[in-house]
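Below you'll find the structure, written out as structure tokens, and then a few comments.
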Amino acid sequence: MENPRDMAEHTPRSERKRRDSFGMFDGYDSCSEDSSSSSSSEDSEDEVPSIPASLPIIKNNGQVYTYPDGKAGMATCEMCGMVGVRDAFYSKTKRFCSVSCSRSYSSNSKKASILARLQGKPPTKKAKVLQKQPLMAKLAAYAQYQANQQNQAKSKSVVPVEGFDWGQYICSNNLVGAPVSCFKHVPMGMCWGDIAEGVRVEVLNSDTNLSTKVYWVAGIVKLAGFKALLRYEGFDNDSSKDFWRNLCIPEIHPVGWCASSGKPLVPPKSIHHKYSNWKAFLVKRLTGAKTLPPDFATKVQENMQYPFKKLMRVEVVDKTHLCRTRVALVEQVIGGRLRLVYEESQDGTDDFWCHMYSPLIHSIGWSRSIGHRFKRSEVTKKMEGQMDAPSQLFLKVKDVDQSGDWFKDGMKLEAIDPLNLSAICVATVRKVLADGYLMIGIDGSEAADGSDWFCYHSASPSIFPVGFCEINSIELTPPRGYTKLPFKWFDYLREMGSIAAPVKLFNKEVPNHGFRVGMKLEAVDLMEPRLVCVATVTRIVHRLLRIHFDGWEDEYDQWVDCESADLYPVGWCQLTGYQLQPPATQTTREAPLNVSKQKKKTAQYKGQKKKRKIPVGRRPIGLGGPLRRRSFSGDDEQTPPHYLSHFSGSGRPPTSGVEHDRSLNSGNSILHPSGRWHQSSFL
């Protein structure tokens with residue numbers, strides 16, 4: 001029987017490439033620190049034992065050229081862009097890789113040839129002469145790589161935001177990131193598939209002396225959201241060269257990409273000496289392994305296209321009066337998050353941040369259709385380019401039948417307080433609207449005119465039947481001023497002459513969300529909704545998640561639904577170009593006002609509890625005069641650029657001897673019953 005190796009040698013190259021499911025042969029043959037790119041010798045990596053292994057080598061027609069550094073021996077053809085050994089180039093100036101390129105440089109074909117190369121088209125007849133020169137024929141199409149990088153930059157598909165190091169944070173504390181499949185609203189959330197530890201990819205090889213871009217195969221060692229800890233093939237249990245990468249950035253490719261794209265695979269120099277036949281090593285190691293889908297990068301691009309455009313008009317909650325909505329214009333779209341500017345804002349600083357799937361935004365005319373309060377805009381002339389956002393772009397709510405046994409005014413329930421998202425409070429249905437919407441008020445803290453009522457849909461995961469907190473061992477915040485503690489629903493309903501809303505009317509669906517206690521993620525601080533922070537899931541109650549902001553006290557935790565569009569996997573900010581706020585440190589949290597001008601998270605009312613000392617830098621303003629109001633976007637009087645440090649505002653001296661009310665009065669802020677100013681938002 002004929003030796004399988006001999007069969008492989010006599011098999012046409014195109015046939016072997018089809019049989020090689022990884023496309024490794026062409027990719028590897030194109031360049032190696034230890035092997036030849038010449039098609040005349042399949043096993044030529046063993047033919048030059050006399051060459052020191054520390055020197056990269058390249059063969060051209062049997063002649064070996066060495067260059068001890070990354071640049072000294074290299075040149076780039078000014079005609080075709082090919083990179084190769086300088087001594088092998090044509091002419092004294094070494095400007096061209098061949099006679100053909102030299103002669104055609106000034107010809108009429110120059111422009112067409114360059115355009116064809118940049119567009120990835122087949123080379124012209126003159127350019128095909130290059131293929132007869134085995135000199136670096138596949139080492140690196142460096143010019144094409146640069147062109148691709150420029151095109152990707154123009155598309156703005158990925159704008160890396162550096163700063164907080166998720167990789168170091170996860171590894172140093174042995175943390176676990178929530179998988180991308182938990183977040184259906186993010187790019188690739190619905191098509192993440194079987195990407196897990198052990199999947200192989202092709203990435204840039206940073207452990208090399210070559211001046212050109214070369215690649216190598218790496219495997220996923222640990223996965224946290226979009227980010228993966230990668231290890232180059234051949235390092236086995238050696239983690240010294242492990243590195244973190246976002247799997248959705250353009251530099252990550254499925255195995256076989258190098259072969260199909262003409263890019264070189266070069267083993268890392270640290271392990272270069274381990275094997276004499278790296279091709280055989282890769283084929284053996286990759287047989288049966290999984291890699292990314294071939295269209296992975298295309299899907300990422302498609303998933304990062306968002307339907308909302310600048311100057312689209314929407315209705316959004318009025319941050320100064322929660323009971324009504326206002327018209328706002330889309331000013332910015334980042335990763336599906338919208339910066340909305342209220343239509344009446346003269347300077348564009350009166351804004352509000354939310355996700356495009358937030359229950360706080362609606363199509364124009366929504367308020368009138370369901371009977372919700374609405375502040376009519378005084379702007380009579382629209383700007384050029386404005387248009388009403390199509391209704392199909394907004395989050396669809398569950399259809400309900402309001403006939404028969406339905407919510408009624410005065411019914412009691414439990415609800416997450418939108419002004420204090422760490423608390424679930426005693427609440428009342430104040431008004432029943434159309435399409436299943438309800439106006440809710442927090443007992444004991446309502447304004448006389450109902451200006452702080454808030455709107456939840458009857459299927460909202462933020463409202464619960466009476467007794468929910470007791471059954472699930474959650475602290476229920478009683479009405480402010482209620483003295484008969486511990487709070488008992490039976491006694492309270494009898495005293496108020498009220499009835500509890502029927503349990504059957506509430507949303508009892510619990511999806512298989514996949515979250516686990518301790519998982520890390522990136523979460524919006526809903527009290528300052530322009531900020532996305534490093535966070536942890538600390539408790540799970542059915543579909544309800546308790547989100548803790550790393551570095552902050554538990555009193556700033558927030559209850560969030562498992563399907564909230566304000567939760568994101570690790571690496572989402574880097575992928576979309578949004579600024580991630582790192583965990584607070586003890587020093588930055590408690591720095592005195594005269595030392596640090598850092599903005600603190602505002603404290604929140606959690607019902608009656610023991611008084612405790614508050615760090616100076618976190619106390620509200622007093623100054624012996626009228627209180628300076630803050631907007632819900634967390635700034636004073638105007639909104640600075642949204643890419644700010646987590647602590648970009650100013651500290652507040654203490655307030656004393658002032659009794660405050662929950663109502664929303666005039667201005668741009670709410671004063672919470674705790675006597676502390678802070679933003680408002682919803683789940």
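In what follows, residues are counted from 1 in the order of the sequence shown.
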Which atom names give the shortest non-hydrogen contact between [X] and [Y], and what distance separates them?
X: F226; Y: P187; result: CZ-O, 3.3 Å
X: R245; Y: I249; result: CD-CD1, 4.3 Å
X: C258; Y: L265; result: SG-CD2, 3.8 Å
X: V517; Y: T538; result: CG1-O, 3.6 Å
X: I195; Y: I220; result: CG2-CD1, 4.2 Å
X: P569; Y: A178; result: CB-O, 4.3 Å

Are the side chain of [X] and the backbone of [Y] linked by a donor-acceptor contact shorter than 3.5 Å?
X: N205; Y: V266; answer: yes
X: N303; Y: M188; answer: yes
X: E233; Y: W216; answer: no
X: Q558; Y: L526; answer: yes
X: R231; Y: D236; answer: yes
X: T291; Y: R200; answer: yes
X: R543; Y: E509; answer: yes
X: K299; Y: C191; answer: no
X: D207; Y: S270; answer: yes
X: W244; Y: Q168; answer: no

If you count the non-hydrogen atoms of other residues, nucleotides and ligands that lie under 6.0 Å from [atom1] in [X], is the total more than 12?
X: K310; atom1: NZ; value: no
X: K396; atom1: NZ; value: yes
X: K274; atom1: NZ; value: yes
X: F281; atom1: CZ; value: yes
X: D399; atom1: CG; value: no

Answer whether the closest heavy-atom distance between the side chains of [X] and [Y] falls below 4.5 Å.
X: P267; Y: Y232; result: no
X: R337; Y: V524; result: yes
X: F164; Y: C573; result: no
X: L393; Y: M356; result: no
X: K222; Y: I170; result: yes
X: Y306; Y: L338; result: no
X: F243; Y: L230; result: yes
X: W552; Y: P583; result: no

[X]-[Y] aromatic ring centre distance below 6.0 Å:
X: F308; Y: F394; value: yes
X: Y556; Y: F549; value: no
X: H185; Y: Y568; value: yes
X: W257; Y: Y215; value: yes

Distance (rounded to the nearest 0.5 Å) between [X] [atom1] and [Y] [atom2]:
X: I540; Y: F515; atom1: CD1; atom2: CZ; value: 8.0 Å
X: S181; Y: H513; atom1: OG; atom2: NE2; value: 12.0 Å
X: L521; Y: L567; atom1: CG; atom2: CG; value: 5.5 Å
X: C171; Y: L229; atom1: SG; atom2: CG; value: 5.0 Å
X: D550; Y: C533; atom1: CG; atom2: SG; value: 9.5 Å
X: C182; Y: E563; atom1: SG; atom2: CD; value: 11.0 Å

For this session: Would you sort out whether I271 and W278 count as a side chain to side chain contact (heavy atoms under 4.5 Å, CB included), showing the intermediate values?
Result: CA-CA 11 Å; I271 57 172; W278 280 98; 3.7 Å; yes

Exercise. Where do V330 and K309 land on the side chain to side chain contact (heavy atoms under 4.5 Å, CB included) test, with the steps shown first?
Worked result: CA-CA 7 Å; V330 176; K309 307 300 179 184; over 6 Å; no

Problem set entry | Partner of T536 under side-chain hydrogen bond (donor to acceptor under 3.5 Å, both in side chains), chosen from R546, K520, H548 |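 Among the candidates, only K520 passes.
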
For this session: Give the intermediate values and the outcome of side chain to side chain contact (heavy atoms under 4.5 Å, CB included) for residues W192 and V186.
Result: CA-CA 10 Å; W192 192 245; V186 304; over 6 Å; no

Problem set entry | Audit row: L545, D561, side chain to side chain contact (heavy atoms under 4.5 Å, CB included) steps and yes/no | CA-CA 6 Å; L545 308 180; D561 182 61; over 6 Å; no

Exercise. Regarding Q574 and W166, is there a side-chain donor-to-acceptor distance under 3.5 Å anywhere?
Worked result: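 W166 and Q574 do not have a side-chain donor-acceptor pair below 3.5 Å.
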
